[in-house]
There are 4 protein chains.
Amino acid sequence: MNDCSFNFPTAGSKLHPELANHRKEYGMRSKAADKHQAILDAAVKVFARKGFFQSRVSEIAREAGVADGTIYLYFKNKDDLLISIFAVKMQEIICRFRDAIALENDAASRLRCLVRMHLAGFQSYPELAAVFQVELRQSSRFMREYNKEELRQYLDLIGEILEQGRKEGVFRQDISVGLAKRFVFGTLDELVSTWVLAGMQYDLGSMVDPVLNLLLHGMGRN
Amino acid sequence: MNDCSFNFPTAGSKLHPELANHRKEYGMRSKAADKHQAILDAAVKVFARKGFFQSRVSEIAREAGVADGTIYLYFKNKDDLLISIFAVKMQEIICRFRDAIALENDAASRLRCLVRMHLAGFQSYPELAAVFQVELRQSSRFMREYNKEELRQYLDLIGEILEQGRKEGVFRQDISVGLAKRFVFGTLDELVSTWVLAGMQYDLGSMVDPVLNLLLHGMGRN
Amino acid sequence: MNDCSFNFPTAGSKLHPELANHRKEYGMRSKAADKHQAILDAAVKVFARKGFFQSRVSEIAREAGVADGTIYLYFKNKDDLLISIFAVKMQEIICRFRDAIALENDAASRLRCLVRMHLAGFQSYPELAAVFQVELRQSSRFMREYNKEELRQYLDLIGEILEQGRKEGVFRQDISVGLAKRFVFGTLDELVSTWVLAGMQYDLGSMVDPVLNLLLHGMGRN
Amino acid sequence: MNDCSFNFPTAGSKLHPELANHRKEYGMRSKAADKHQAILDAAVKVFARKGFFQSRVSEIAREAGVADGTIYLYFKNKDDLLISIFAVKMQEIICRFRDAIALENDAASRLRCLVRMHLAGFQSYPELAAVFQVELRQSSRFMREYNKEELRQYLDLIGEILEQGRKEGVFRQDISVGLAKRFVFGTLDELVSTWVLAGMQYDLGSMVDPVLNLLLHGMGRN
DNA sequence: TATGAATGAGCCTTCATTCAT
DNA sequence: GATGAATGAAGGCTCATTCAT
């Protein structure tokens with residue numbers, strides 16, 4: 001378990017192998033995929049810096065080193081850019097998390113792994129945190145029209161761990177996995193939101209153990 | 001101490017007597033003050049509904065039942081409208097809080113009163129909460145140019161309670177009131193922010209006692 | 001022939017008795033006439049200072065010490081204000097000039113009197129000069145719709161002097177009064193325009209004799 | 001010396017070869033330069049027709065055959081459009097004048113050339129005359145903020161001729177070139193202004209010889 | 001595929017004019 | 001008559017999006 005695996009994929013990082021199908025979906029060669037990635041990363045930076053509504057498409061283009069029009073070859077419009085940040089980054093996150101979790105065996109270790117990666121990931125990529133926790137929630141398009149498939153997948157990932165824990169007998173049998181996975185996610189999400197709103201001034205990583213204690217205590221067999 | 005006093009002044013509410021000087025400050029008779037108020041309340045609604053950048057001045061005007069141009073008789077521009085929401089509502093809040101707190105005697109009761117009013121107030125006026133916790137923080141004008149005098153006054157109000165508590169011997173003598181008042185405000189502010197970001201789905205009021213416990217435990221003589 | 005008679009009626013000056021019919025025409029008592037006058041004088045000042053299009057009706061009202069709406073009790077609109085400056089001031093000018101000219105006997109003296117008053121008048125009321133020579137010529141309404149009855153009257157006044165001069169034998173018999181009066185006016189008008197455009201930096205009065213020489217030489221019997 | 005060289009560059013005219021650096025300065029290829037030129041020429045027309053304040057940016061756009069927004073790709077704002085007319089047209093004028101003057105040898109011929117081109121140029125492009133002599137002087141932005149570098153260059157061009165004349169012994173040695181060049185320009189400028197204000201009804205060209213007489217007489221060795 | 005010049009819909013703001021008091 | 005708060009039409013300007021090259 002290396003440090004790298006704790007970070008979210010950022011500007012320079014190569015695409016995870018499992019994301020090959022994502023490329024196929026968009027019919028991209030690696031060069032095109034690079035540009036797709038560059039625009040997305042530029043958008044994260046600019047959105048985080050200025051906020052969605054005060055970000056200019058032309059500024060994102062400049063940041064990405066492409067022409068304004070090029071952005072519209074990869075994304076439908078400015079809204080789509082924001083929503084794609086969520087979709088793509090979440091897919092990458094889910095892949096990385098799945099891989100990392102697969103290296104652990106028991107449910108408790110896997111939960112610890114997920115919590116650690118969630119908090120460390122946002123801490124190491126604060127611009128993405130700002131976009132996820134602030135900008136996306138202000139986007140009426142995102143909140144109303146987008147079905148957040150990736151969020152469901154992430155919740156499922158958590159659910160799988162909880163299910164395993166119940167089977168292992170580590171977690172209480174009477175727990176509702178459907179509710180509990182939302183509880184786990186909600187806790188992590190709130191932690192990151194609070195950290196963002198507080199100006200990202202403290203260390204999120206130090207909260208891993210307390211949060212795990214809380215979660216395991218709440219769901220555990222006592 | 002009635003429930004009403006726990007709520008923030010909203011659209012329908014009459015101006016507090018102590019706010020007479022506010023009217024004088026702006027040189028308004030009651031009719032102009034009514035319109036000033038109506039526009040401000042309309043702006044709170046629309047900003048909360050759409051967000052600042054997607055709110056149209058004309059929509060605020062329609063909501064307030066005035067012509068577009070009328071808004072500019074009372075506010076310098078759209079930015080000023082947002083900043084004025086903070087300034088005016090905070091002044092009203094501070095007045096109400098001071099009055100309510102004056103009815104209590106000891107510092108602990110007063111702190112309880114303030115905490116209760118802070119949480120209940122935002123809960124009863126969720127649109128104001130959205131503007132205070134989300135829109136204002138995105139306004140670069142607000143963050144950079146406005147000195148937030150009213151915030152200082154609110155912090156002072158908290159400071160006075162803490163000072164009293166130290167004199168009463170309820171709070172530790174070695175506490176820094178300057179820091180502690182920020183700690184108290186920061187805690188309340190974070191609670192409300194988290195509640196807003198979470199979609200205002202749970203009851204803020206239920207957090208009064210836990211928060212007080214936390215605060216009193218942290219500052220108390222043990 | 002006193003100096004005062006060389007000046008155009010300005011802010012403080014009382015209305016000429018012959019303007020009584022002007023008052024009647026507008027059905028005004030002296031108080032209303034005063035206000036009418038005050039607004040007109042204020043408009044001259046503001047138009048001269050800022051130019052017509054950059055002058056605000058509210059600024060004219062402030063300068064005149066009346067409410068914005070009051071202006072519309074005396075003038076149809078902003079355009080009418082500009083045109084009325086011309087009409088009213090010209091009427092006053094014509095009256096004063098007629099009176100002064102009546103004190104002279106021969107045509108040459110009368111022409112000298114008119115030239116002197118024309119140049120001295122604008123020099124002593126530079127704001128009116130700016131409005132007459134610059135603002136009015138930019139007003140499409142004035143240039144297209146207004147028939148400039150007062151200009152005709154002024155030309156007639158000049159024509160009468162020239163006619164007399166021809167009868168006296170001082171001016172050539174073969175002169176066309178219709179053309180010559182335009183020539184006289186055109187010369188004076190150009191002098192004042194040039195003076196205004198040059199920033200009113202030199203003395204218009206010093207041009208009385210050269211101009212008279214030119215005019216008399218051109219029209220005289222040699 | 002053909003007639004064409006006496007005219008100012010107007011809508012249809014090709015850019016002078018020496019203006020290639022102007023294109024470079026703005027980093028424009030010929031197509032962009034064409035559009036820049038088209039907008040400028042349209043602005044001259046519309047400003048001359050309606051006056052600056054009554055001209056609509058959308059009307060200039062229509063006249064130029066471009067969209068409203070296109071204007072803002074080439075000019076900062078409406079004010080900049082007016083000031084650019086002066087800057088660009090003056091640069092072109094200075095180039096043309098320098099070329100034409102270079103074909104003459106002695107100072108007197110060169111001064112005659114300049115006077116002739118100045119008067120003939122404005123006569124052949126009356127819309128530019130209206131903008132130069134009327135609209136620009138009303139623009140507070142132009143009068144206050146713009147340093148009129150091109151005017152200095154034009155004055156310098158005149159100064160060079162006068163200097164040469166002094167060396168040739170045609171002009172008096174005791175003449176101050178610094179003042180005399182202003183005198184020459186002022187005379188020409190006043191002539192054109194008067195002509196514009198008078199409705200451009202007479203022939204400016206006929207004034208070349210009288211003006212030259214005046215200038216040469218005033219500055220000459222007698 | 002990539003470009004970036006061109007587009008034009010839309011919004012904030014101003015200010016001449018009106019009208020209830 | 002006098003007021004000045006209110007009106008709302010109109011215009012300068014921005015910027016997401018398109019499309020000819």
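Letters A, B, ... are given to chains in the order of the sequence lines, protein chains preceding strands, and every chain is numbered from 1.
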Take the protein atom CD1 of B:Ile71 and the nucleotide atom P of E:dC15, then report the distance between them rounded to whole Å. 18 Å

Under 3.5 Å for both distances, Watson-Crick or G-U wobble, that's the pair rule; now give the dot-bracket for DNA chain E, with | marking pairs to another strand and [ ] for crossing ones. .||||||||||||||||||||

Separation of E:dT18 P from C:Lys76 NZ (nearest whole Å): 11 Å

Closest approach of A:Gly51 to A:Ser55 (non-hydrogen atoms, all atoms of both residues): O-OG, 2.6 Å

Side chains of D:Glu127 and D:Phe47: closer than 4.5 Å at any heavy-atom pair? no

Counting C-beta onward and ignoring hydrogens, is there a side-chain heavy-atom pair between A:Ile85 and A:Phe132 closer than 4.5 Å? yes

Taking the minimum atom-to-atom distance to the side chain of A:Lys78, which one of F:dA16, E:dT13, E:dT7 wins? F:dA16

C:Tyr72 side chain near F:dA2 phosphate (N/O to OP1/OP2, under 4.0 Å): no

Residues B:Asp41, B:Lys89; criterion salt bridge (charged side-chain N to carboxylate O under 4.0 Å, His left out); working and verdict: CA-CA 10 Å; B:Asp41 289 322; B:Lys89 295 292 182 186; 2.7 Å; yes

Separation of atom CG in A:Asp68 from atom C1' in E:dA6, rounded to whole Å: 12 Å

d(CG, D:Asp80; C1', F:dG12) in whole Å: 14 Å

Starting at OH of A:Tyr146, measure out to OG of A:Ser84 and round the result to the nearest 0.5 Å. 7.5 Å

D:Phe53 CZ - F:dG12 P separation (whole Å): 11 Å

Between B:Phe52 and D:Gly65, which residue's closest nucleotide on DNA chain E lies nearer the 5′ terminus? D:Gly65

Could you state the CD1-P distance from D:Ile39 to E:dA5, rounded to the nearest angstrom? 13 Å

Roughly how many Å is it from CG in A:Leu82 to C1' in F:dA16, rounded to a whole number? 15 Å

A:Leu73 has a side chain; which of E:dT3, F:dA16, F:dA6 sits nearest to it? E:dT3

Look at the side-chain N and O atoms of D:Arg56 and state whether any lies under 4.0 Å from the OP1 or OP2 oxygen of F:dA10. no

Whole-Å distance, A:Phe75 CZ to E:dT1 P, equals 14 Å

Can you tell me which nucleotide in F:dG4, E:dT13, F:dT7 comes closest to the side chain of C:Ala67? F:dG4

Do the non-hydrogen side-chain atoms of D:Val131 and D:Phe86 ever get within less than 4.5 Å of each other? no

Less than 3.5 Å apart, which donor and acceptor atoms pair up between the side chains of residues 58-67 of chain C and the rest of the protein, not counting sequence neighbours?
unit_1: C:Glu59; atom_1: OE1; unit_2: C:Lys50; atom_2: NZ; d: 3.2
unit_1: C:Glu59; atom_1: OE2; unit_2: C:Arg49; atom_2: NH2; d: 3.2
unit_1: C:Glu63; atom_1: OE1; unit_2: C:Arg49; atom_2: NH2; d: 3.1

Give a yes/no answer on whether the side chain of C:Lys35 brings an N or O atom under 4.0 Å of OP1 or OP2 in F:dG1. no

Of D:Asp79 and B:Val66, the one whose nearest nucleotide on DNA chain F sits closer to the 5' end is B:Val66

